[in-house]
Amino acid sequence: MSKVSTALTIAGTDPSGGAGIQADLKTFQELKSYGMSVVTSVVSQNTTGVKDVHHLPVEFIKSQLEAVSSDMPVHAFKTGMIANMDMMKVIAEWIPEISAPYVMDPVMVATSGDPLIEEESRSYLREHLLPLTAIVTPNIPEAEFLLDAQVESIEDMKQAAEQICTRFGAGAALIKGGHMEGDAVDFLFDGSSILEFRSRRINTKNTHGTGCTYAAAITALLSQGVALEQAVSQAKQFVTKAIQYSFDLGKGSGPTNHFAGRVKEEE
């Protein structure tokens, strides 16, 4: 029997299936890692936005973490929405028990620009969770929120990736350029050098869940022992194709297509 690679997501839900834990599990499945999940918050949302949210009790989050890791191997894990400092503390206390790469998708800023976590929680995340990561994957608003600085150019993106590692101790930082003009260019600082990942920009509004999907793809690949640079490169290809063949579902920004890897390119 072949060895099964396992990937765990610790995040909020999306009942419309395009983002959050649902997107993560679809991504794990498509990339052939066994997916597991710990729910932090139950979110009422769809392609038009968030309607309501219910945060699970911290003790129950702790119970889920222990239930998984006491019974199953965890070869890599990611975090998405962690709404408050109490949740962060429980996760930070659990992480040393797990000898596995940690991918942080720092879900800190809503699409509207509104902060999703309090200042106190942001400080805790920077000081206690970022140093535990193998890689953190902020978009530009999230990078600005982490650094308290504007990121307005390609050079700013490169500097932000390096600063997140040198200031906060992250293992690596991937700054995603989806908010820029032109090609979709991301920059990875791997602790020693800056690497560029470029794809053509796809003209679509259907980008719901792209951040979750990108980070989940990196997590799945790391769970299989793929080296970081190659994991980011393959994940970039996966999410680009998921956007290219995105679904025109819902009244807002439709979901990315997690099955897109199965689509045969047109001749």
Side-chain angles (χ1 to χ4, degrees), residues 4-50 68 74-81 101 103-107 111 135 137-139 142 174 176-178 184 186 197 199-226 230-266:
V4 177
S5 297
T6 64
L8 170 67
T9 172
I10 305 166
T13 65
D14 175 10
S16 70
I21 274 178
Q22 283 86 341
D24 294 343
L25 291 174
K26 290 175 183 179
T27 303
F28 295 163
Q29 186 80 4
E30 287 301 303
L31 291 172
K32 298 182 171 56
S33 281
Y34 178 81
M36 305 175 291
S37 62
V38 166
V39 179
T40 58
S41 301
V42 181
V43 185
S44 172
Q45 66 171 312
N46 57 27
T47 62
T48 67
V50 174
V68 171
V74 178
H75 296 131
F77 66 98
K78 65 156 288 199
T79 58
M81 180 180 176
V103 179
M104 178 194 288
D105 178 16
V107 181
T111 305
I135 182 171
T137 63
N139 59 28
E142 289 161 351
L174 178 71
K176 300 174 296 188
D186 309 330
F197 300 87
S199 66
R200 67 181 178 84
R201 186 171 298 276
I202 294 154
N203 184 24
T204 178
K205 68 179 178 65
N206 299 327
T207 56
H208 182 58
T210 51
C212 307
T213 299
Y214 199 166
I218 294 170
T219 307
L221 292 159
L222 291 178
S223 80
Q224 297 164 21
V226 177
Q230 190 60 34
V232 172
S233 177
Q234 291 181 32
K236 173 79 166 173
Q237 294 170 31
F238 180 86
V239 76
T240 299
K241 201 165 185 182
I243 296 168
Q244 180 182 356
Y245 293 99
S246 58
F247 294 117
D248 197 19
L249 291 170
K251 297 174 182 175
S253 297
T256 53
N257 181 355
H258 298 97
F259 314 132
R262 308 180 193 184
V263 175
K264 294 282 190 292
E265 295 288 359
E266 294 177 3

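Nothing here was measured: the structure is a model prediction, and the numbers come from that model.
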What's the separation between atom [atom1] in [X] and atom [atom2] in [Y], rounded to the nearest 0.5 Å?
X    : Y    : atom1 : atom2 : value
N257 : K26  : CG    : NZ    : 9.5 Å
D248 : T47  : CG    : OG1   : 9.5 Å
H208 : D14  : NE2   : CG    : 4.0 Å
T256 : F247 : OG1   : CZ    : 8.5 Å
Q29  : H258 : CD    : NE2   : 12.0 Å
I21  : T40  : CD1   : OG1   : 6.5 Å

### Query
Which one of T9, L222, L174 satisfies the side-chain contact (heavy atoms from CB on, under 4.5 Å) criterion with V103?
L222
### Task
Please list, chain by chain and in numerical order, all residues satisfying salt bridge (charged side-chain N to carboxylate O under 4.0 Å, His left out) with D105, sequence neighbours excluded.
none
So do [Y] and [X] actually touch side chain to side chain, heavy atoms under 4.5 Å?
X   : Y   : value
F77 : V38 : no
D24 : S37 : no
Q45 : P15 : yes

### Message
Could you go through C212 and K78, starting from their C-alpha distance and side-chain angles, then the distance that decides it, and tell me whether this counts as side chain to side chain contact (heavy atoms under 4.5 Å, CB included)?
### Response
CA-CA 10 Å; C212 307; K78 65 156 288 199; 4.2 Å; yes
### Task
Please list, chain by chain and in numerical order, all residues satisfying side-chain hydrogen bond (donor to acceptor under 3.5 Å, both in side chains) with T137, sequence neighbours excluded.
none
Could you pull out the closest heavy-atom pair between [X] and [Y], with the gap in Å?
X    : Y    : value
Y245 : A260 : CB-CB, 4.0 Å
V68  : M36  : CG1-SD, 3.9 Å
Q244 : R200 : NE2-NH2, 3.7 Å

Kindly write out the residues that satisfy side-chain contact (heavy atoms from CB on, under 4.5 Å) with [X], not counting sequence neighbours, or none if the list is empty.
X    : result
T204 : I202, N206, T207, I243, S246
A235 : Y214, A217, I218, L221
S223 : S5, A7, S33, H75, A76
S41  : V43, V53, H55, M81, A83, M87

### Query
Got a donor-acceptor contact below 3.5 angstrom from the Q234 side chain to the V226 backbone?
no
#### Entry: Side chain E142, main chain N139, donor-acceptor under 3.5 Å
yes
### Message
Could you walk me through whether V232 and I135 satisfy the side chain to side chain contact (heavy atoms under 4.5 Å, CB included) test, starting with their C-alpha distance in whole Å, then the side-chain angles of each, then the deciding distance to 0.1 Å, before giving a yes or no?
### Response
CA-CA 10 Å; V232 172; I135 182 171; 3.9 Å; yes
### Task
Could you tell me whether Y34 atom OH has more than 12 heavy atoms of other residues or ligands within 6.0 Å of it?
no
### Crowding at NZ, K32 (>12 non-hydrogen neighbours, <6.0 Å)
no
